[in-house]
Each structure stands twice: as C-alpha cells, then as structure tokens.
Amino acid sequence: MKNRVCTALGIEYPVVQGAMAWTSMAPLVAAVSAAGGLGVLGCGFMPGPVIEGQIAAIRSMTDKPFACNIFLDPGDQLEINCSTLEKVPVPAVYLDTLNLLDYDMAARIYDRMKATGAKVVAKVNCLQDGLVAEKAGADVIIAKGVEGGGHKARISGRVLLAELVESITSVPILASGGIYTPRQVAGVFVAGAEGFEMGTAFMTSEECPIHPNVKAKVISAIDDDIVSCGESTGEPSWQVRNALAERMLKIEADYPKAEAAKLIMQVSAGSLAKASRDGEVENEGAVLSGQVCGLITCVKTCRELIAGLCADAEAILQMPHSMGL
Ligand SMILES: Cc1cc2nc3c(=O)[nH]c(=O)nc-3n(C[C@H](O)[C@H](O)[C@H](O)COP(=O)(O)O)c2cc1C
C-alpha cells in the first residue's frame, strides 16, 4: 500500500512543514526535504528576487522536492509570487488563504502553477474552502485547525478533519494544528488523515535559522501563554504572551474596532523581524506560536520530527486498540 500524500508529492514521509513567513527560510526547507518531508519556503510576502535567491539556496542544499508559499489573496504580492514561480519553477506550491476561497481565482492560479509542473498543496480553514480546493484541482489538502500557529483559523482541527475526510475522497487530506506527539499522529491517521503538517514544531527545530531566543521562548511557554492578537484587524494570530502582546490586547480592549486595528498595525510593524532576526522576545518582538508550545520541551532535529515521529506513530498504529468494553 502506498501513501497517497507521498505519491502525490514525491516524498518519503507524509509530513509537510507549514509555510512560516521569514521563518521557514532555505536552511529549514532544505533540512525538512532532505529528511524526507516537504519543506515549504515561507515566501508569501517576499520580493521576487529574494524568493529566487532562496530557491537557489535550497537547490544548493538538496535535490529533494520542496514547495513555495503563495498567499491566495488578490493583489500585487500574488502576481509577484506567481510570476516568480513561472520564471523559476519549483516542485510544489503551497497556497493558503484567510478569507473564503473564491473558485474562479483558485482554479486560475492552480492552473497557472500546474502549467509550470508544480503540484498544488492547498491549506484550508473550513469545509467550504476544502470543497473549492478539491474542485479547482488541488493535489493534496491540508486541514488547519484553530489551535495551529500563525494566522488564527476558525474551526477546531478535529472537527475540520472529520468534515473533510467525510466529504472528500479524491484528494488526500492532511491534519494540521497542534500536532507534536506520536499519539496525536496516530490519532489523526485513525481519524482519516493521510499525512500531517507541523509549523511550530519545525520552528523550534535545530535547523530553523531563527534567533535562539525565539525557540527558547516557545519551549518555555505553556498552552495558556498563547494569546490571540489582532482580532480587530480581522487577521488575528497566536502570539506568546509578552509586553508587545499585552499592549496589543490592551489596545483591543480600550479602543473601538477600526481605531484599534490602526493602532495594532502601528505597534506590530516589524515585530516579527525584531524577534526572529534580532532575538528581542520580551518588549517589541512578536513570538508567533501555536497552542502546541506546551508540548514542546526541547529542540529536535528535522529527522527526529519526521522519521522519528512517523516510526513511533506507526508502532502505535500497529498495536491492537480497543475501548475495553
Ligand atoms: C511563526 C509562524 C509563521 C507562520 N507563517 C505562515 C505563513 O506565512 N503562511 C502560512 O500559510 N501559514 C503560516 N503559518 C502557519 C503554518 O504554516 C502552519 O499551518 C501552522 O503552524 C500549523 O500549526 P502548528 O503550529 O500547531 O503546527 C505560520 C506559523 C508560525 C508558527
């Protein structure tokens, strides 16, 4: 029996490293792909020449398949990503969206990327988007739950996975959001997933080229340290509680929505780079992490997070299971 995710993407283990803006850069992408998963360049907001440089760097480190992120939202950045990936084709594209997925736009962009030879990985936040992604021709679909890092999704990962596997059979579904332990991986396979995605776990990996202070902050955080910041902007993301997060929460409590959104943009400008590049994780830097941080207690290698986790999960799946009734 061949796993459909591995076959579709040409990878050894059905593990995708979630795109992470300015975090999943070439060294992490190459390490994940070399370890048999699918590394994804977090280039959703990068200028074209930077994307080209990162792709060249990945290719110098591995000949295994990898993907580039496209944020499926109309605008200049979408055209920058698409035209760059037409100029420099890659094995797969990884498309995410925050708003409801528009069928015509999805089909047009998927077709454009497929014409370059790329496989299409669609990350969705709700059942409706999953159905649109399937109809538009996605090769695999990632079901991202609300507990997952980065921009906050809306639906619980457990519910969304169940909805998608009940409704979609032509395309394999991967579970995403809050995954770190072998029992969780075994559980999502029992629930119908054929692969899984992790973001926060790979952010804390040895090979991730972000400042060690960010990894330490995430490793020391517990589930309750994760707060939703930027609700007034309509695009909230999970952050580890620190002085910046407290300021953002206070703004949202004190001001009407439109005013709060403007102030949030001001105080958070450049905050991701302050943390991941400069290591400022207490006052002005934004430390993005999913709720899974409470399970992460040490830095691991990408091999441990891919081959190790899959082997341990497979061993659990081979054991007899019963409700003991
Ligand atoms: C620091 C960080 C940055 C992220 N940036 C992006 C991004 O640019 N594009 C995207 O599609 N998802 C982004 N995500 C979400 C991840 O791709 C992935 O879906 C999510 O982390 C999975 O949940 P987990 O963190 O619980 O494993 C980001 C996540 C983190 C932790």
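Residue indices begin at 1 and follow the sequence shown. Order of appearance sets the numbers: ligands from 1, and atoms from 1 within every ligand. Note: hydrogens, waters and symmetry copies are ignored here, and every other heavy atom, side chains too, is used.
Of the protein's non-hydrogen atoms, Ser176 OG, 3.4 Å is the one closest to atom 22 (C) of ligand 1. If you check which protein heavy atom lies closest to atom 26 (O) of ligand 1, you get Gly178 N, 2.7 Å. Of the protein's non-hydrogen atoms, Thr200 OG1, 2.6 Å is the one closest to atom 25 (O) of ligand 1. Given atom 4 (C) of ligand 1, the protein heavy atom at minimum distance is Met20 CA, 3.4 Å. In terms of protein heavy atoms, atom 9 (N) of ligand 1 is closest to Asn69 OD1, 3.3 Å.
In this structure, of Gln17, Met46, Glu197, Lys152, the residue bringing a heavy atom nearest to atom 19 (O) of ligand 1 is Glu197. Comparing Ala21, Gly157, Ser289, Gly150 by heavy-atom distance to atom 5 (N) of ligand 1, the nearest is Ala21. When the options Gly18, Gly149, Ser24 are ranked by their closest heavy atom to atom 15 (C) of ligand 1, first place goes to Gly149.
Considering backbone and side-chain atoms together, Met198 places no N or O closer than 3.5 Å to any N or O of ligand 1. Any N or O atom pair closer than 3.5 Å counts here, and Ala19 shares at least one such pair with ligand 1. The distance criterion of under 3.5 Å between nitrogen or oxygen atoms is met by Lys123 with respect to ligand 1. Polar contact check, Val292 against ligand 1: no nitrogen or oxygen pair lies under 3.5 Å apart. An N or O contact shorter than 3.5 Å links Gly199 to ligand 1 by distance.
Taking 4.5 Å as the limit, every side-chain heavy atom of Val146 sits out of range of all side-chain heavy atoms of Ile155. Residues Gln54 and Met25 are in side-chain contact: their nearest non-hydrogen atoms beyond the backbone lie under 4.5 Å apart. Looking at heavy atoms from C-beta onward, Tyr13 lies out of side-chain contact with Leu38 at the 4.5 angstrom threshold.
Ligand 1 lies out of reach of Ala201, whose nearest heavy atom is not under 4.0 Å from it.
Ile210 and Val281 fall within the same hydrophobic cluster, where Ile, Leu, Val, Met, Phe, Trp and Tyr residues are linked whenever their side-chain heavy atoms come under 4.5 Å apart, directly or through other members. No continuous path of hydrophobic side-chain contacts links Val124 to Leu72 [ILVMFWY only; heavy atoms under 4.5 Å].
When each atom of ligand 1 is checked for a heavy atom of Tyr94 under 4.0 Å away, the hits are 11 (O), 17 (O), 19 (O). Close contacts of ligand 1 with Lys144, meaning ligand atoms under 4.0 Å from a residue heavy atom, involve 15 (C), 19 (O). Distances below 4.0 Å separate heavy atoms of Asp96 from the following atoms of ligand 1: 9 (N), 10 (C), 11 (O).
Contact detail for Ile141 and Gly130: the closest heavy-atom pair is CD1-O, 3.5 Å. The two residues Glu235 and His151 make their nearest non-hydrogen contact at O-CD2, 3.4 Å.
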Give the table of side-chain donor-acceptor pairs shorter than 3.5 Å for residues 269-279, with sequence neighbours excluded, one pair per line with atom names and distance.
{"unit_1": "Ser271", "atom_1": "OG", "unit_2": "Ser268", "atom_2": "O", "d": "2.6"}
{"unit_1": "Ser276", "atom_1": "OG", "unit_2": "Leu272", "atom_2": "O", "d": "2.8"}

